[in-house]
Protein chains: 2
Amino acid sequence: MTKVDEILDVLREEGYRLTPQRVMILSAIASSPGHMTAEEIHEKVKKTYPYIDIATVYRTIQLLKRHRLLVEIDLGSGTSQYELARAERHHHMVCRECGKTIDIDHRRFLEPVRAALLQEFDFEADIDHFAIFGLCKECRAKKAAG
Amino acid sequence: MTKVDEILDVLREEGYRLTPQRVMILSAIASSPGHMTAEEIHEKVKKTYPYIDIATVYRTIQLLKRHRLLVEIDLGSGTSQYELARAERHHHMVCRECGKTIDIDHRRFLEPVRAALLQEFDFEADIDHFAIFGLCKECRAKKAAG
DNA sequence: ATAGTTGCAAAGTGTTTGCGCTGAG
DNA sequence: CTCAGCGCAAACACTTTGCAACTAT
């Protein structure tokens, strides 16, 4: 049972229709390694079904987000990125030079912050997903050399 | 010497013209306690100078950002917020119920994360400004009671 | 059969840009 | 004087919405 099938099951159980459009959009997202913009999802689905509308893509994104099956990543660029939710919470580091993204474990790096804010301020932080910009190892090396 | 004066000095030294519009925009931002959207700045300046254009507000924001005199805060709402840069780096917790924002010290809460990412991944994170959403003390109490 | 979903087109936000005029230096 | 910066209007990029036609159930 693939991830896509699992998600389709959830949607079916919730009483949503499993339209070809929804299946294609899900497959498009699932078959990509990293995160994608709505436009990228649209383009990918278009290859097999050229009539798909960007509005349908956005509506499906909303649906999946509402059920926490999809994670929205705001890189502050004015365009959101999306990826399927995973069991283990994680965050991203994004290199501002080469654009590469590296996953970072929530438990190890951000959970301590969450705990500290709760203890100190009684503030219950929803640290669902962070995008941390910076310079990756390779680009730092290049910069030091060049 | 006020904060506004200091900023005006920087701009003058850099050869920029100190137009009334720029002075008014700066005053508007400086005289507000928290962060403001471009539209809020525009509205505030309009009260004393109704001809100010939103484009001028955006251009001034860009100018100040470029010189790191202004910090842009992306709350992921599609609308950026701005506040004057301060000496001590800080971040914000934003209550998703009541909208209240609480400052948090960089050194104490986020610097450890930065250090860990550098050590572990050789990734140099620009943790300039984070907005962390969640539930504040009061709203948590309300929720527990109600 | 029928309500949920689609494609299309249009509208809605927030932000940026081209351009001729103006005023700070 | 002169060019940086202004107001205006239009363009932009991304996302949402109203509606009639269609289709998964």
Side-chain angles (χ1 to χ4, degrees), chain A residues 7-29 35-46 48-67 69-82 131, chain B residues 7-26 28-29 35-67 69-82 131:
Chain A
I7 293 177
L8 290 175
D9 273 357
V10 173
L11 294 182
R12 186 168 18 231
E13 273 162 32
E14 297 277 340
Y16 294 99
R17 289 192 191 165
L18 267 44
T19 64
Q21 288 89 338
R22 286 181 176 163
V23 177
M24 289 186 289
I25 289 169
L26 264 171
S27 307
I29 302 173
H35 31 68
M36 308 170 79
T37 64
E39 191 52 49
E40 284 163 357
I41 298 169
H42 185 211
E43 286 307 316
K44 190 151 184 180
V45 174
K46 256 191 182 165
T48 52
Y49 177 61
Y51 305 118
I52 187 86
D53 195 83
I54 188 80
T56 302
V57 174
Y58 277 110
R59 282 189 280 233
T60 303
I61 286 172
Q62 300 287 28
L63 173 64
L64 295 172
K65 250 183 20 183
R66 227 179 299 129
H67 288 268
L69 299 167
L70 190 74
V71 175
E72 179 168 6
I73 306 165
D74 181 1
L75 301 180
S77 65
T79 316
S80 287
Q81 308 260 147
Y82 304 92
Chain B
I7 294 177
L8 290 175
D9 272 357
V10 173
L11 294 182
R12 183 163 25 229
E13 273 161 31
E14 297 276 339
Y16 293 100
R17 291 190 186 165
L18 268 44
T19 65
Q21 287 89 340
R22 286 180 177 165
V23 177
M24 290 186 289
I25 288 168
L26 264 171
I29 302 173
H35 30 69
M36 307 171 79
T37 64
E39 191 53 49
E40 284 164 358
I41 298 168
H42 185 213
E43 286 307 317
K44 190 152 184 180
V45 174
K46 256 190 182 166
K47 285 182 186 158
T48 51
Y49 176 62
Y51 305 117
I52 187 85
D53 195 84
I54 188 80
T56 301
V57 174
Y58 276 110
R59 282 188 280 235
T60 303
I61 285 172
Q62 300 287 28
L63 173 66
L64 295 171
K65 248 182 22 182
R66 226 178 300 129
H67 289 268
L69 299 167
L70 190 74
V71 174
E72 177 168 5
I73 306 166
D74 180 1
L75 301 181
S77 66
T79 316
S80 288
Q81 308 260 146
Y82 304 92

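Below, chains carry the letters A, B, ... as their sequence lines are ordered, and counting in each starts from 1.
Distance CG (B:Leu11) to C1' (D:dG5): 13 Å, rounded to an integer number of Å. For B:His42 and D:dC6, the NE2 to C1' distance is 13 Å, given to the nearest whole Å. When rounded to the nearest whole Å, the span between CD1 of B:Ile52 and C1' of C:dT22 equals 14 Å. Separating the CG atom of B:Asp74 from the C1' atom of C:dT13 is a distance of 15 Å, rounded to the nearest angstrom. A straight line from CD of A:Glu14 to C1' of C:dG4 spans 15 Å, rounded to a whole angstrom. Between B:Ile61 atom CD1 and D:dG5 atom P there is a gap of 16 Å when expressed in whole angstrom units. Regarding B:Glu13, its CD atom lies at a distance of 18 Å from the C1' atom of C:dA24, rounded to whole Å. Between the CZ atom of B:Arg66 and the C1' atom of C:dT16 there is a distance of 13 Å, given to the nearest Å.
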Self-check item: Verdict with reasoning, A:Val45 to A:Val57, per side chain to side chain contact (heavy atoms under 4.5 Å, CB included)
Solution: CA-CA 9 Å; A:Val45 174; A:Val57 174; 5.7 Å; no
Practice problem: Check the pair B:Met36, B:Lys44 against side chain to side chain contact (heavy atoms under 4.5 Å, CB included), reporting the backbone distance first and the verdict last. | Solution: CA-CA 10 Å; B:Met36 307 171 79; B:Lys44 190 152 184 180; 3.9 Å; yes
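Residue B:Thr37 is out of contact with every strand shown, counting any heavy-atom pair closer than 4.0 Å.
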Quiz item: What one-letter contact string describes nucleotides 16-25 of chain D from 5' to 3', where B marks a base within less than 4.0 Å of any protein heavy atom, S marks contact via sugar-phosphate atoms alone, and - marks no contact?
Solution: BBB----BBS
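For the pair A:Tyr58 and A:His42, the minimum side-chain heavy-atom distance is 4.5 Å or more.
Here the rule is side chain to side chain contact (heavy atoms under 4.5 Å, CB included) with A:Leu26, and of A:Leu64, A:Ile41, A:Leu18 only A:Leu64 fits it.
For B:Glu13 (side chain) and B:Val10 (main-chain N/O), no donor-acceptor pair under 3.5 Å exists by modelled atom type.
With distances taken from any side-chain atom of B:Thr79 to the nucleotides C:dT6, C:dG14, D:dC6, the minimum falls on C:dG14.
One side chain, A:Glu72 or A:Ser80, offers a donor N or O that lies under 3.5 Å from an acceptor on the other.
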